[in-house]
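Report on the structure given below.
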Amino acid sequence: MTPPGPRVAVVTGAAGGLGRAIATALHADGWTVLLTDLDPEAVAAAAAPLGGWSAALDVRDEDACAAVAATAADRGDLALWVNNAGVLTTGPSWEHDGPTRRRMFDVNALGAMNGTLAALAVMRGQGHGHVLNVVSLAGLIAAPGETVYAASKHALLAFSLGTLSDLRIAGYRRVHVSCLCPDGIWTPMLHDRLDDPGAVASFTGSMLTAQQVAARAVRLAHRPRPVVSLPRWRGAQVRLLDALPRLAVALTPLVQAAGRAGQRRQHRRSTRPDRP
């Protein structure tokens with residue numbers, strides 16, 4: 001019997017920010033990691049200290065996702081695929097033009113679907129594997145100012161949970177789909193949002209570091225769960241508000257005030273002279 005190859009993980013959007021942090025944490029945990037990103041030079045630089053394995057990938061391209069999955073499976077056991085690539089545009093939904101709305105859905109929802117299905121084509125054949133979708137708390141509640149972004153993340157959450165149920169119906173007990181829903185993360189996606197009134201929802205709770213979320217992703221890779229929020233109390237909070245939509249809408253002014261306070265607090269933290 002041929003022994004299984006190394007555990008291989010694919011991470012999308014891995015040139016920087018959270019994707020790079022997840023790839024780094026997985027590498028430290030013993031995984032062979034294929035880092036992918038739209039920017040081939042940036043992802044190659046990110047991969048250099050982690051074994052140097054990288055590939056250019058536009059997650060909107062279904063065939064390209066399938067090719068990456070096949071490449072990963074050739075190296076070893078494709079045990080994990082992390083759909084992390086995402087884009088954010090803020091502001092009222094009526095201010096977004098069609099291409100802007102389409103880009104958020106194409107990357108955040110359809111791109112993650114492409115990655116999920118490409119990975120599952122391999123994992124179903126080998127009888128095991130795990131797809132980990134980075135969803136965000138915006139997938140659990142409608143975030144004012146981030147409405148279209150939240151809609152794309154809601155779509156990803158529904159797709160992920162429905163696909164997991166379909167896998168169980170089809171008899172795949174060892175193929176998993178998990179959703180990681182973190183609070184706001186201090187990465188380049190938010191670095192220029194400290195004065196953005198449309199981004200206040202991302203600053204209303206605990207501002208996490210990429211390393212904190214990456215550490216939770218590694219634990220989730222070992223113990224799959226359908227939905228995990230980070231921190232847990234924020235998940236409970238937003239689920240309660242989602243169950244009470246009239247209350248959530250009524251509290252919008254308080255949410256905005258809390259978000260503006262969070263932006264000011266993060267600005268002070270990021271400009272302290274003792275910070276790198």
Side-chain angles (χ1 to χ4, degrees), residues 1-15 19 22-23 26-27 29-38 40 43 47 51 53-86 105-135 139 152-180 217-218 220-228:
M1 180 177 178
T2 303
R7 293 181 308 166
V8 173
V10 174
V11 182
T12 71
I22 290 174
L26 288 171
H27 176 76
D29 192 51
W31 294 78
T32 298
V33 187
L34 172 54
L35 288 77
T36 72
D37 198 274
L38 192 62
V43 77
W53 194 20
S54 68
L57 176 63
D58 184 342
V59 296
R60 297 170 293 184
D61 186 333
E62 182 179 358
D63 292 337
C65 289
V68 165
T71 298
D74 285 342
R75 179 73 69 94
D77 177 19
L78 178 55
L80 180 67
W81 182 294
V82 181
N83 285 306
N84 164 76
F105 270 87
D106 282 349
V107 176
N108 300 344
L110 293 175
M113 291 180 191
N114 289 339
T116 298
L117 296 172
L120 291 182
V122 174
M123 294 173 180
R124 286 166 51 233
Q126 65 190 18
H128 66 274
H130 186 188
V131 176
L132 197 166
N133 289 327
V134 179
V135 175
S152 70
K153 292 296 189 175
H154 274 65
L156 177 56
L157 183 71
F159 169 80
S160 301
L161 295 178
T163 298
L164 178 59
S165 294
D166 286 339
L167 287 166
R168 295 296 178 265
I169 291 171
Y172 295 101
R173 311 302 303 177
R174 298 177 58 220
V175 180
H176 306 281
V177 181
S178 296
C179 297
L180 180 59
V218 171
L220 187 56
H222 286 286
R223 187 183 177 191
R225 294 175 58 188
V227 179
V228 170

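Basis for what follows: all heavy atoms, side chains included, without hydrogens, waters or symmetry-related copies.
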Please name the pair of heavy atoms, one in [X] and one in [Y], separated by the smallest distance, quoted to 0.1 Å.
{"X": "V135", "Y": "C179", "result": "CG2-CB, 3.8 Å"}
{"X": "P40", "Y": "A56", "result": "CB-CB, 3.9 Å"}
{"X": "R168", "Y": "V175", "result": "NH1-O, 2.8 Å"}
{"X": "L57", "Y": "C65", "result": "CD1-N, 3.8 Å"}
{"X": "P6", "Y": "T32", "result": "CB-OG1, 3.7 Å"}
{"X": "V134", "Y": "K153", "result": "O-NZ, 3.1 Å"}

Exercise. Are there more than 12 heavy atoms of other residues, nucleotides or ligands under 6.0 Å from atom CZ of R225?
Worked result: no
Exercise. Given the rule in the side-chain hydrogen bond (donor to acceptor under 3.5 Å, both in side chains) test, do H130 and R223 qualify, once you have shown the distances and angles that lead to the verdict?
Worked result: CA-CA 10 Å; H130 186 188; R223 187 183 177 191; over 6 Å; no
Exercise. What do the steps show when you test W31 against V11 for side chain to side chain contact (heavy atoms under 4.5 Å, CB included), and what is the final call?
Worked result: CA-CA 11 Å; W31 294 78; V11 182; over 6 Å; no
For this session: Working to the nearest 0.5 Å, report the span between CE of M113 and CG of L120.
Result: 12.5 Å
Exercise. When rounded to the nearest 0.5 angstrom, what distance separates CG in L110 from CG in L156?
Worked result: 10.0 Å
Please list, chain by chain and in numerical order, all residues satisfying side chain to side chain contact (heavy atoms under 4.5 Å, CB included) with [X], sequence neighbours excluded.
{"X": "P226", "result": "L161, L164"}
{"X": "D166", "result": "I169"}
{"X": "A69", "result": "L78, W81, A118, V122"}
{"X": "R174", "result": "H128"}

By side-chain hydrogen bond (donor to acceptor under 3.5 Å, both in side chains), which residues pair with [X], not counting sequence neighbours?
{"X": "H154", "answer": "none"}
{"X": "R60", "answer": "D58"}
{"X": "S152", "answer": "N108"}
{"X": "E62", "answer": "none"}

Do [X] and [Y] come close enough that some side-chain heavy atom pair is under 4.5 Å?
{"X": "V59", "Y": "N83", "value": "no"}
{"X": "D61", "Y": "N114", "value": "no"}
{"X": "R75", "Y": "L34", "value": "no"}
{"X": "R7", "Y": "D29", "value": "yes"}
{"X": "L167", "Y": "H176", "value": "no"}
{"X": "L35", "Y": "V33", "value": "yes"}

Problem set entry | Check: T12 side chain, N84 main-chain N or O, donor-acceptor pair, under 3.5 Å | yes
Exercise. Which is it for V218 and H222 under the side chain to side chain contact (heavy atoms under 4.5 Å, CB included) test, yes or no, and what are the steps along the way?
Worked result: CA-CA 7 Å; V218 171; H222 286 286; 4.1 Å; yes
Exercise. Knowing that exactly one of V10, V8, L26 qualifies, which makes a side chain to side chain contact (heavy atoms under 4.5 Å, CB included) with L80?
Worked result: L26
